[in-house]
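Notes to accompany the following structure.
The residues of the chain are indexed from 1 along the displayed sequence. Heavy atoms only: backbone and side chains are in, while hydrogens, waters and symmetry mates are out.
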Amino acid sequence: MKKLALTIIGVIFLSLTLSARQPSRGYRGFIDFAWSTFSESIGKDWKVTANHYGLSTVHGCQIIPELFVGAGFEIANNATASSVYLPVFVDVRTDLKFGRFTPFADLRSGWAICNDGGFRLQPMVGYRFNWGRKVGINFAVGMTLQCYKAYDYSDGGWANPEPDGGYQMQNPRVEHKALAGFTLRLGFDF
């Protein structure tokens with residue numbers, strides 16, 4: 001807890017002392033690492049927490065110094081369930097400048113195309129630090145909403161003996177679920 005408090009104080013101090021240039025018009029790309037944590041209640045007394053890690057890239061056009069529009073994808077890993085999924089999304093971002101203070105807000109909206117994924121929404125707010133003439137470091141916090149399909153095997157019968165002597169469940173009930181979780185993202189733009 002002490003390290004987290006010192007990190008937050010350090011980021012606030014840097015944001016007040018460093019300044020960044022506004023992005024110029026034209027091509028702009030991003031590479032980001034994200035960490036998300038989701039909690040889901042299963043049943044009456046059971047709660048599951050899952051950590052997701054992802055590496056994303058976004059490429060697009062800085063239309064005006066305050067508005068970026070692009071598209072990208074992320075290779076994400078559910079560390080708890082050891083599964084990988086691939087969200088593809090559109091990114092809309094606004095870069096603001098108030099004196100030396102350079103915050104931004106962005107919204108990624110798309111679809112996870114693996115592991116029966118579904119709609120994905122990721123609103124974030126953050127701060128951009130200047131690093132050289134055309135490169136910036138971005139730190140953001142926000143949330144991720146991930147929709148997905150879950151299969152419930154509790155209703156239905158066991159049937160069709162497997163060749164190895166086991167049985168498989170027929171006709172599972174499909175449930176559409178949504179998880180909302182806290183997200184941190186760190187990356188750079190070029």
Side-chain angles (χ1 to χ4, degrees), residues 1-15 29-60 68 70-93 103-129 131 135-154 169 172-190:
M1 187 67 178
K2 197 178 211 182
K3 288 182 182 180
L4 179 63
L6 289 173
T7 302
I8 292 171
I9 290 170
V11 168
I12 292 170
F13 176 74
L14 283 173
S15 69
F30 296 86
I31 296 177
D32 299 305
F33 174 77
W35 168 76
S36 300
T37 183
F38 299 96
S39 292
E40 180 179 17
S41 295
I42 299 176
K44 194 174 187 180
D45 300 323
W46 195 29
K47 189 174 192 178
V48 175
T49 300
N51 292 308
H52 293 223
Y53 302 95
L55 184 64
S56 65
T57 182
V58 178
H59 302 274
F68 168 82
F73 68 93
E74 179 177 5
I75 298 173
N77 177 27
N78 178 348
T80 309
S82 298
S83 65
V84 176
Y85 59 100
L86 182 69
V88 177
F89 52 84
V90 173
D91 188 4
V92 177
R93 172 178 166 134
F104 69 87
D106 83 2
L107 178 67
R108 293 180 176 181
S109 177
W111 196 266
I113 60 174
C114 295
N115 281 350
D116 292 325
F119 178 72
R120 179 181 174 96
L121 186 68
Q122 193 177 61
M124 304 288 280
V125 294
Y127 193 81
R128 180 176 183 268
F129 299 95
W131 188 27
V135 178
I137 297 174
N138 299 284
F139 176 75
V141 296
M143 68 164 286
T144 299
L145 173 70
Q146 178 66 57
C147 300
Y148 66 99
K149 285 183 198 174
Y151 298 95
D152 183 4
Y153 292 95
S154 62
M169 178 62 74
R173 187 179 64 194
V174 177
E175 297 178 351
H176 296 279
K177 294 188 174 186
L179 290 175
F182 174 74
T183 301
L184 288 174
R185 195 166 66 210
L186 177 65
F188 67 95
D189 62 85
F190 49 92

_Is the shortest side-chain heavy-atom distance between D106 and R185 below 4.5 Å?_
yes

**Request:** May I ask you to test the T144-L179 pair for a side-chain heavy-atom distance under 4.5 Å?
**Result:** no

Heavy-atom side-chain proximity of Q146 to H52 below 4.5 angstrom: no

Taken in chain and number order and not counting sequence neighbours, the residues that satisfy ring-ring contact (aromatic ring centres under 6.0 Å, His included) with F30 are F68

Sorted by chain and number, sequence neighbours left out, side-chain contact (heavy atoms from CB on, under 4.5 Å) with V92 holds for L67

How about E74 and L86: do any of their side-chain heavy atoms sit closer than 4.5 Å? no

By side-chain contact (heavy atoms from CB on, under 4.5 Å), F188 pairs with (sequence neighbours left out) I31, V135, F190

The reported gap from CZ in F73 to CG in L55 (rounded to nearest 0.5 angstrom) is 8.5 Å

ask   = Between the side chains of N138 and D189, is a donor N or O closer than 3.5 angstrom to an acceptor N or O?
value = yes

side-chain contact (heavy atoms from CB on, under 4.5 Å) filter on I137, not counting sequence neighbours, yields F129, W131, L186

Within 6.0 Å of CZ in F119, more than 12 heavy atoms from elsewhere: yes

### Message
For D32 and S56: C-alpha separation, side-chain torsions, deciding distance, then whether side chain to side chain contact (heavy atoms under 4.5 Å, CB included) applies.
### Response
CA-CA 5 Å; D32 299 305; S56 65; 3.5 Å; yes

Those residues at least two apart in sequence (or on a different chain) that pass salt bridge (Lys or Arg N to Asp or Glu O under 4.0 Å) with D91 are R108

All heavy atoms of T183 vs all of A34, minimum pair found to be CG2-CB, 4.4 Å

Separation between CG (L184) and CH2 (W35), nearest 0.5 Å, reads 6.0 Å

For A180, the side-chain contact (heavy atoms from CB on, under 4.5 Å) test, sequence neighbours excluded, returns M143, L145

Review point. Is any side-chain heavy atom of S39 less than 4.5 Å from a side-chain heavy atom of T49?
Key: yes

- prompt: Heavy atoms, side chains only, cut-off 4.5 Å: are V141 and V125 in contact?
  reply: yes

Shortest non-hydrogen pair, Y127 vs F104, comes out as N-CE2, 3.3 Å

Is it true that the NZ or CZ of R120 lies under 6.0 Å from the centre of F89's six-membered ring and within 45 degrees of the ring axis? no

